[in-house]
There are 2 protein chains.
Amino acid sequence: MSVTNTAVTAQVTGPCGDDDCGIRDVLDRLGDRWSVLVVVELAKGVRRFRELERAIPGISQRMLTLTTKRLGRDGLVERTAHATIPPQVEYRLTDLGRSLAGLITQLADWSREHAPAIEAARTRWDST
Amino acid sequence: MSVTNTAVTAQVTGPCGDDDCGIRDVLDRLGDRWSVLVVVELAKGVRRFRELERAIPGISQRMLTLTTKRLGRDGLVERTAHATIPPQVEYRLTDLGRSLAGLITQLADWSREHAPAIEAARTRWDST
DNA sequence: CCGAATCCCAAGCGATACTG
DNA sequence: CAGTATCGCTTGGGATTCGG
């Protein structure tokens, strides 16, 4: 994924001077439709595959698999498979994942707190 | 910021028993590729269209227009057009936008702080 | 129950050209 | 400078099916 342009790489200042800071990394990891929801659900405790699926309405089996795998690769989620019949797989947040969950919770709080203000802004914007 | 703060996330449950909490709203608003970067840049001060474009490497004119428009509609960004020649349009965060920028900054900090840990986790995962 | 594999569509985004 | 309009690709992700 190159940026194609020749001059793009020209100036990329300090940690946050004019550039993107580390935010891009966070977005690449959590910007998809489900990762954050999985982290939030796991913040409540250990969950099995099926439990996650039921707890997150609308997620497909495929996306749950992909999402947990990515989160596992990034070291945010830990997977434990019990060789029972039927199979039983548990997912839990790592310490790393928990530290992130705290921040996400704040974002959720912000969203709930300011939802009315945003709604009002939209209504205002749409009516003009 | 400590990594092992398990107490923080102990009770995320609140109003979101099994459901999506307010996080979905946040994702729908900031989950795209550019919104967060624009907010971060505007957190540094007032910016003109061209300044934003130069400050955010890789963004296209089209996406900058779309993004600022959406953020404007949501009441996070304010637009001020001066009828000069050449035209001059200023963007700045609203109070609402600034309150969000603070949280985003924390996310960026988290990302920078834990980037090595994530990188290590990936290397570990890929090698097994 | 857990998950991999395949098919396929639509949204998101980039590139480019044009207007005021 | 600050947008708008159009086109085409790339990717996310839903539906379905098969395997362990």
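Residue numbers start from 1 in every chain, and the chains themselves are labelled A, B, ... in the order their sequence lines are given, proteins ahead of strands. FYI, side chains are in, hydrogens and waters are out, and symmetry mates aren't considered; it's all heavy atoms of this structure. Quantities reported herein were computed from a predicted structural model and do not represent experimental measurements.
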**Item:** Minimum-distance pair of heavy atoms, taken over all atoms of A/Ala101 and A/Leu93
**Value:**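 Closest heavy-atom pair between A/Ala101 and A/Leu93: CB-CD1, 4.0 Å.
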Among [options], which nucleotide sits nearest the side chain of [X]?
{"X": "B/Val89", "options": "C/dC13, D/dG14, D/dA2", "answer": "D/dA2"}
{"X": "A/Trp34", "options": "D/dG13, C/dC1, D/dA2", "answer": "D/dG13"}
{"X": "B/Met63", "options": "C/dA4, C/dC13, D/dG3", "answer": "C/dC13"}
{"X": "B/Arg50", "options": "C/dC13, D/dA2, D/dG20", "answer": "D/dA2"}

Is [X] salt-bridged to [Y], cutoff N-O under 4.0 Å?
{"X": "A/Glu51", "Y": "A/Arg48", "answer": "no"}
{"X": "A/Asp25", "Y": "B/Arg112", "answer": "no"}
{"X": "B/Arg70", "Y": "B/Asp28", "answer": "no"}

**Prompt:** Base, sugar-phosphate, or nothing: which does B/Thr65 touch, judged by heavy atoms less than 4.0 Å apart?
**Reply:** base
**Message:** Using 0.5 Å steps for rounding, measure from the CG atom of A/Leu107 to the CG atom of B/Leu103.
**Reply:** 5.5 Å
Would you mind reading off the distance between [X] atom [atom1] and [N] atom [atom2], rounded to a whole angstrom?
{"X": "A/Asp32", "N": "D/dG14", "atom1": "CG", "atom2": "P", "value": "11 Å"}
{"X": "B/Arg79", "N": "D/dA2", "atom1": "CZ", "atom2": "P", "value": "10 Å"}
{"X": "B/Leu52", "N": "D/dG3", "atom1": "CG", "atom2": "C1'", "value": "14 Å"}
{"X": "A/Arg54", "N": "C/dC2", "atom1": "CZ", "atom2": "C1'", "value": "13 Å"}
{"X": "A/Arg48", "N": "C/dC1", "atom1": "CZ", "atom2": "P", "value": "8 Å"}
{"X": "A/Leu27", "N": "C/dC13", "atom1": "CG", "atom2": "P", "value": "11 Å"}
{"X": "B/Phe49", "N": "D/dT4", "atom1": "CZ", "atom2": "C1'", "value": "11 Å"}
{"X": "B/Glu90", "N": "D/dG3", "atom1": "CD", "atom2": "C1'", "value": "17 Å"}

**Request:** Using heavy atoms to find the nearest nucleotide of DNA chain D for B/Glu51 and A/Leu66 separately, return the residue whose nucleotide is more 5′.
**Result:** B/Glu51
**Item:** salt bridge (Lys or Arg N to Asp or Glu O under 4.0 Å) partners of residues 82-91 of chain A, not counting sequence neighbours, each pair once
**Value:** A/Glu90-A/Arg92
**Message:** Would A/Arg29 and B/Trp110 count as a cation-pi pair here, with the cationic atom under 6.0 angstrom from the ring centre and within 45° of the axis?
**Reply:**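 No, a cation-pi geometry is absent between A/Arg29 and B/Trp110.
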Show each protein N/O and nucleotides 15-17 of chain D N/O combination with a separation under 3.5 Å, one pair to a line.
none

Looking at [X], does any N or O in its side chain come under 4.0 Å of the phosphate oxygens OP1/OP2 on [N]?
{"X": "A/Arg33", "N": "D/dG13", "result": "no"}
{"X": "B/Tyr91", "N": "D/dG3", "result": "yes"}
{"X": "B/Lys69", "N": "D/dG3", "result": "no"}

